[in-house]
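Shown next, in structure tokens, is the structure this report addresses.
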Amino acid sequence: MAMTIFSIMIVLLLLGFPMMIPLIVGAFVGFYSMFGGMGQMETMVQQMMAGIRPASLIAVPMFIFAADIMTRGQSAGRLIDLVMAFVGHLRGGLAVSTAAACTMFGAVSGSTQATVVAIGGPLRPRMQKAGYKDSFILALIVNSSDIAFLIPPSIGMIIYGVVSNTSIAELFIAGIGPGLLILALFSAYAWIYAVRNNVPTEERATWGERAGALQKALWPLGFPAIIIGGIYGGIFSPTEAAAACVFYAIILEMFVFRELDMRGLYDTAKSTGLITAVVFILVGAGAAFSWVISFAQIPQAILSGIGIDEMGQVGVLIVISIAFFIGCMFVDPIVVILVLVPIFAPVVNAVGLDPVLVGTIITLQVAIGSATPPFGCDIFTAIAVFKRPYWEVIRGTPPFIFILLCVSALLITFPQIALFLRDLAFSK
């Protein structure tokens, strides 16, 4: 049965169907085969509805909506100007500014796609003019945008937290350390690239210009204050913080910056609704599919075949990292999280791994896979946004992927990179 299901899903993917169709069809075939007909199809519907029932999922459309509002407004531009004012004059400063701006916007949006659009759009022409090769620029934007998977709020962490019943607040703060480490290593590589390619530096901003950029960015910097300060100050739950972000984004872009009118807000809401519908269909279909493969004990057969039961914690983390990295090279990250997390959950519990550490490592692997050929989803976002051919987008990615894989190894070897802030924030 397993081979039949996976063969059908692969054929549907190769025929060009969106990922939700193979998932739904795979779940349908599984239910039909296991129960001998259509008699138990209501169970499939029940599992799909159960997948989208957790209240924590409300945060997903909220953060998507807030990110869309900011992308259409001035928030992204003001954050870019702030970073440029302080580091733009350094060797490789424009590239460092791009990586830092992606990180900062990720900290207010939680969406890699929104970050590619909001930061990549205005900064790519400036980097081209400064003498950077387009392959480097595209790879930098795509991979730096994936830091948004780790820096809170992270939509991937929300999905993982719901599926694994792990504290989303703890996951959020655990992602900060690895995210900042990646930013530091990307910045170091940008400096090396600029030196090797003799890229000229930008003019140094005066302290008056820096003060002006900081003043203009104070409003957008309110987003991480709401998210991080509100959650860890005990004011908001993650879901409530998402709703507060939407309210703040509307006030900011409609009444403070006056960049968005009612028509623009309606168009943004409609776009968010379409994206949310796709996400929730994926979540529901993934829940039903996960139930099928769990009921059929397919995961147990696969994992016992590779001897994972005999591995220690480090071995299990390595297997999980490889599985999620490879999965996201081909399939949407949300789907990979929905399908694979329930498979590995019994093993994670059996060896006594911290679910927050596992979630952080999984989120990092999802970020790497999303920017890795052949089918990483952020590659195709960049192709659509920048209208560049596939090979040009992926040509400069190997050094960044190598850096990300090194961070993965460090996170497995030194878990406190992720857990130090979590333990500090939640110590009793």
Side-chain angles (χ1 to χ4, degrees), residues 76-77 79-106 112 115-148 150 178-206 209-210 213 367-374 376 378-410:
L79 292 174
I80 291 171
D81 291 341
L82 174 64
V83 176
M84 283 293 300
F86 282 89
V87 300
H89 64 282
L90 302 174
R91 176 71 74 175
L94 190 54
V96 174
S97 298
T98 302
C102 287
T103 303
M104 291 181 68
F105 192 77
T112 57
T115 305
V116 169
V117 175
I119 305 302
L123 278 182
R124 178 169 167 257
R126 292 178 67 170
M127 292 188 69
Q128 288 176 317
K129 188 177 179 181
Y132 291 90
K133 294 180 181 178
D134 208 25
S135 58
F136 171 83
I137 298 170
L138 294 171
L140 174 68
I141 292 169
V142 168
N143 287 276
S144 297
S145 297
D146 285 336
I147 301 175
L150 289 163
L180 294 179
L181 176 60
I182 292 169
L183 171 62
L185 293 176
F186 280 4
S187 299
Y189 173 61
W191 179 83
I192 294 170
Y193 177 91
V195 170
R196 291 182 60 185
N197 291 274
N198 198 27
V199 177
T201 59
E202 298 277 310
E203 185 178 347
R204 180 191 294 267
T206 65
E209 291 171 334
R210 291 174 179 176
I368 302 171
S370 298
T372 303
D378 286 337
I379 294 172
F380 295 97
T381 300
I383 290 171
V385 171
F386 302 122
K387 297 180 172 58
R388 303 307 302 162
Y390 176 84
W391 290 109
E392 187 172 330
V393 172
I394 69 170
R395 188 181 302 149
T397 57
F400 293 98
I401 294 172
F402 175 75
I403 291 172
L404 290 167
L405 291 175
C406 288
V407 174
S408 298
L410 287 172

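These numbers were taken from a predicted model, which means no experiment stands behind them.
- Residue Ser97 comes nearest to Val87 through the heavy atom pair OG-CG2, 3.2 Å, listed as atom of the first residue, atom of the second, then distance.
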### Message
For a side-chain contact (heavy atoms from CB on, under 4.5 Å) check, start with the C-alpha distance between Phe186 and Asn143, then their side-chain angles and the critical distance, and finish with the verdict.
### Response
CA-CA 9 Å; Phe186 280 4; Asn143 287 276; 3.9 Å; yes
### Message
Evaluate Arg91 against Asn198 for side-chain contact (heavy atoms from CB on, under 4.5 Å), listing each step before the verdict.
### Response
CA-CA 9 Å; Arg91 176 71 74 175; Asn198 198 27; 4.0 Å; yes
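- The backbone N or O of Pro389 lies less than 3.5 Å from no partner atom in the side chain of Glu392, so there is not a single donor-acceptor pair.
- The OG atom of Ser187 sits 10.5 Å away from the CG atom of Leu180 when rounded to the nearest 0.5 Å.
- Within the model, atoms SG of Cys102 and CG of Leu183 stand 9.5 Å from one another, a figure rounded to the nearest 0.5 Å.
- Of the possible polar contacts, none joining the Arg395 side chain to the Ser135 backbone as a donor-acceptor pair under 3.5 Å is found.
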What side-chain donor-acceptor pairs closer than 3.5 Å can you find for residues 120-134, not counting sequence neighbours?
| unit_1 | atom_1 | unit_2 | atom_2 | d |
| --- | --- | --- | --- | --- |
| Arg124 | NE | Asp134 | OD1 | 3.0 |
| Arg124 | NH2 | Asp134 | OD2 | 2.9 |
| Gln128 | NE2 | Asp134 | OD1 | 3.2 |

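- Classified by interplanar angle (parallel below 30°, tilted 30° to 60°, perpendicular above 60°), the ring pair Phe136/Phe400 is tilted.
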### Task
List the steps, then state whether side-chain contact (heavy atoms from CB on, under 4.5 Å) holds for Ile141 with Phe386.
CA-CA 11 Å; Ile141 292 169; Phe386 302 122; 4.0 Å; yes
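- Using a 4.5 Å heavy-atom threshold, the side chains of Leu82 and Met104 count as touching.
- Looking at heavy atoms from C-beta onward, Pro399 lies out of side-chain contact with Ile403 at the 4.5 angstrom threshold.
- For the atom pair CG (Leu94) and CD1 (Ile137), the distance works out to 8.0 Å, reported to the nearest 0.5 Å.
- Considering every non-hydrogen atom in both Val142 and Ala371, the closest pair reads CG1-CB, 3.7 Å.
- Once rounded to the nearest 0.5 Å, the distance linking CE of Met84 with CG of Leu79 reads 13.5 Å.
- When each of Ile368, Thr397, Ile147, Leu185 is checked for a side chain to side chain contact (heavy atoms under 4.5 Å, CB included) with Leu404, only Ile368 meets the rule.
- In this structure, Ile401 CD1 and Ser408 OG are separated by 11.5 Å, a value rounded to the nearest 0.5 Å.
- Rounded to the nearest 0.5 angstrom, Asn197 CG and Ile192 CD1 are separated by 11.5 Å.
- Contact annotation: the side chain of Glu203 never approaches that of Glu209 to less than 4.5 Å [non-hydrogen atoms, C-beta and beyond].
- Among all heavy-atom pairs drawn from Ala85 and Ala213, the shortest one is CB-CB, 3.9 Å.
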